[in-house]
Each structure stands twice: as C-alpha cells, then as structure tokens.
There are 2 protein chains.
Amino acid sequence: MPDNPFPQPDADDIRLTSILRALADPGRVKMVQVLADGEYHACNVEAFGLDIQKSTLSHHFKTLREAGLTTVVIEGRSHRIALRSDELEARFPGLIASLTSESAVADLRTA
Amino acid sequence: MPDNPFPQPDADDIRLTSILRALADPGRVKMVQVLADGEYHACNVEAFGLDIQKSTLSHHFKTLREAGLTTVVIEGRSHRIALRSDELEARFPGLIASLTSESAVADLRTA
DNA sequence: CAGACGGTTTGACATGCGTCGAACTACTTT
DNA sequence: AAAGTAGTTCGACGCATGTCAAACCGTCTG
C-alpha cells in the first residue's frame, strides 16, 4: 500500500528530539498518558478531555504520529489511535514510563 | 538572601510541562546529558560543545534553571551549573535517567 | 443517491522561541 | 585605577507553533 495517508517513522528512525518536541505541549502529553493503557482509542475530543477544537486535536494527532509516538488504524469511517509502547520502550527505555507515572499524571492534572 | 539574581523553583514547584518545554531544544538536552555526571560544570560554550554564541547559551541556562532542571553557584567571577538530579528523580522518577541513557545520548550525537 | 458522520486539510492569525550582536555588570588582575 | 574576564541582559529578527473556522473527503446509512 504505497502512499500511506498516515505516515509514521520506522522504529529505528524515531528521534529523541522529535519526541521531546512533540511532548512540549501539555495537551499532547495528556494524550500520551491516556494512550498509555496500550489500547486503541477513538480519535475524538471526548476521549482525551481536552477543551480544543477537533481541527486542533487532529493537528496534535499528526504531530504525535510523525514523531513516532503513535500509530493509527482505520476502521470504516472512524480512526483509532494507539501508543507505540513496545517500539518506544525498545528505543528509549523508561521514557514513556516516566511520563505516565503517578506523579507525572498528577502534575498534569493540576495544570 | 532576598532577590536572588538566579531564581529557581522549589522542588515541589517543578512542573512537568516546564521541564518538557525546556527539553524541546536539542541543545538543552545535550546540556542535560553533559550535566548528568552530577558535577558542577563551567558555564562556557566549550563545556557543552554547542556551536552557538554565549548569549544564546546563557538563554538556555536560564530556561533550564527556571524549569527547575539546574542550579547555579557563583564562584568569584565564574558561575558553575549542575543538574538537580536528586530533586528531579524524586519528583519525576526515571525521567532524567531515560534522557541520559546510552540510546538517548547516541541519538543526539547523530543529530 | 443524498445526507450524515468522523476526522483531516487548508489558510490565517497571534504568540513563542532560538538566535545573534552589542551593551552591560560584577569580579579579578595588573 | 584601568584593563581583562565570565557571563548575563537587551533589542531585534525570522521561523516555528498552537489555535480556530471553514472547506474538504472517504465511509456508512437512509
């Protein structure tokens, strides 16, 4: 399937700088924390509890995906997004874990 | 000592968002990796191997310090900077470790 | 086939940020 | 006191980014 409409980097091409830039926005970090359960989630605003427009949310999806943090599957007319947990853990051990820890989640809740 | 010219947040006030924003710049991440040895380092450009002007470096120092990542001591006419390793580890366990791991350092070297 | 649905893309806007050179400040050295 | 040293601060510039509204596009449903 050439010309994938939702390109994402190979596991080996995930760069630390891209990840950290993607995580520079609090909303995106919250999204990662929500996705940390390993499940595929709906791509709507309610799923992440962020008070933003859907176009903005879509922009964040793109940023996370292109940084290598997430992957997307298309099911009919709805998309589902998930964290690339295993590949991220292999590439940068402990990084995601530290962002989804108790203290990290608590800190963002008090934002 | 009121009116500290180099203010830094208390350990409890270190916010995840501030840290991640500070780490959004590759140069600053390199600085953190250099500082990860726990020692106090000179505040000059050579110490970090970054091809930038000293005013830019100073700006990065300020960003790291205000985010709570670093602390500064003044010795005569030279300043020395260090990572707040223990406080950061207590606040967000594993975060700094994941950024200073073998793979993280290697990734930034290939930037 | 005509809508409705779920989400993306586009274009525009304001803000933030990295960068630099030059001026400045505090301390030391001569 | 004058000059040097170490680093910060200031002002300006250009680029990147978060945000929104509106248009768009594939998919499903009546």
Side-chain angles (χ1 to χ4, degrees), chain A residues 1 3-8 15 17-32 34-35 40-67 69-82 108 111, chain B residues 1 3-8 15 17-32 34-35 40-67 69-82 108 111:
Chain A
M1 54 340 225
D3 257 23
N4 185 328
F6 297 108
Q8 68 183 44
R15 307 306 309 271
T17 295
S18 305
I19 289 186
L20 291 176
R21 251 205 314 258
L23 294 172
D25 182 88
R28 289 196 292 258
V29 179
K30 279 186 186 171
M31 292 168 71
V32 168
V34 169
L35 294 173
Y40 277 84
H41 289 248
C43 288
N44 51 44
V45 186
E46 302 81 42
F48 298 95
L50 297 172
D51 193 21
I52 56 178
Q53 296 313 115
K54 61 178 183 174
S55 58
T56 303
L57 184 68
S58 193
H59 166 66
H60 289 324
F61 284 143
K62 186 178 183 182
T63 303
L64 290 173
R65 176 172 44 76
E66 292 182 342
L69 282 160
T70 59
T71 189
V72 174
V73 292
I74 304 182
E75 293 180 355
R77 67 182 164 191
S78 76
H79 301 186
R80 299 184 75 75
I81 183 178
L108 244 64
Chain B
M1 55 344 233
D3 257 22
N4 185 329
F6 298 107
Q8 67 183 44
R15 307 307 308 270
T17 295
S18 305
I19 289 187
L20 291 176
R21 252 205 314 258
L23 295 172
D25 182 87
R28 288 195 293 258
V29 179
K30 279 185 185 171
M31 293 168 72
V32 168
V34 169
L35 295 174
Y40 277 85
H41 290 247
C43 288
N44 51 45
V45 187
E46 302 80 43
F48 298 96
L50 297 172
D51 192 20
I52 56 179
Q53 297 312 117
K54 61 178 183 173
S55 58
T56 303
L57 184 69
S58 193
H59 165 67
H60 289 324
F61 284 143
K62 186 178 183 182
T63 302
L64 290 174
R65 177 174 41 79
E66 291 182 345
L69 281 159
T70 59
T71 188
V72 174
V73 293
I74 304 182
E75 292 180 356
R77 68 181 162 190
S78 74
H79 300 187
R80 300 184 74 75
I81 184 178
L108 244 64

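In the text below, chain A, chain B and the rest are named by the order of the sequence lines, each starting its count at 1.
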Distance in angstrom units between [X] [atom1] and [N] [atom2], rounded:
{"X": "Ile74(B)", "N": "dT25(C)", "atom1": "CD1", "atom2": "P", "answer": "16 Å"}
{"X": "His41(A)", "N": "dG6(C)", "atom1": "NE2", "atom2": "P", "answer": "18 Å"}
{"X": "Leu57(A)", "N": "dA21(D)", "atom1": "CG", "atom2": "P", "answer": "14 Å"}
{"X": "Glu75(B)", "N": "dG7(D)", "atom1": "CD", "atom2": "C1'", "answer": "14 Å"}
{"X": "Arg65(A)", "N": "dG7(C)", "atom1": "CZ", "atom2": "C1'", "answer": "12 Å"}

Between His79(A) and Phe6(A), ring centroids under 6.0 Å:
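Yes.
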
Ring centres of Phe48(A) and His60(A) under 6.0 Å apart?
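No, ring centres 6.0 Å or more apart.
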
What nucleotide, of dG7(C), dT9(D), dA4(C), holds the atom closest to the side chain of Arg77(A)?
dA4(C)

Quick check for you: among dT5(D), dT8(D), dT9(C), whose closest atom lies nearest to any side-chain atom of Phe61(B)?
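So the nucleotide nearest the side chain must be dT8(D).
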
Roughly what angle, to 10°, lies between the helix axis at the start of the helix from dC1(C)-dG30(D) to dT30(C)-dA1(D) and the one at its end, five pairs per end?
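That helix has its two terminal axes inclined by roughly 10°.
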
Value rounded to 0.5 Å, distance of CD1 in Ile52(A) from CG in Leu57(A):
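The CG atom of Leu57(A) is 4.5 Å from CD1 of Ile52(A), to the nearest 0.5 Å.
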
Spacing of Leu64(A) atom CG and Thr70(A) atom OG1 [to the nearest 0.5 Å]
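Reported value, rounded in 0.5 Å steps: 5.0 Å.
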
Whether the side chain of [X] engages the backbone of [Y] through a donor-acceptor N/O pair (distance < 3.5 Å, no angle test) should be reported.
{"X": "Ser78(A)", "Y": "Ile74(A)", "answer": "no"}
{"X": "Arg80(B)", "Y": "His41(B)", "answer": "no"}
{"X": "Arg28(B)", "Y": "Leu23(B)", "answer": "no"}

With B for base contact, S for sugar-phosphate-only contact and - for none (protein heavy atoms under 4.0 Å), nucleotides 10-21 of chain C reads -------SSBBB

Which residues satisfy the salt bridge (charged side-chain N to carboxylate O under 4.0 Å, His left out) test with Arg15(A), sequence neighbours excluded?
Asp107(B)

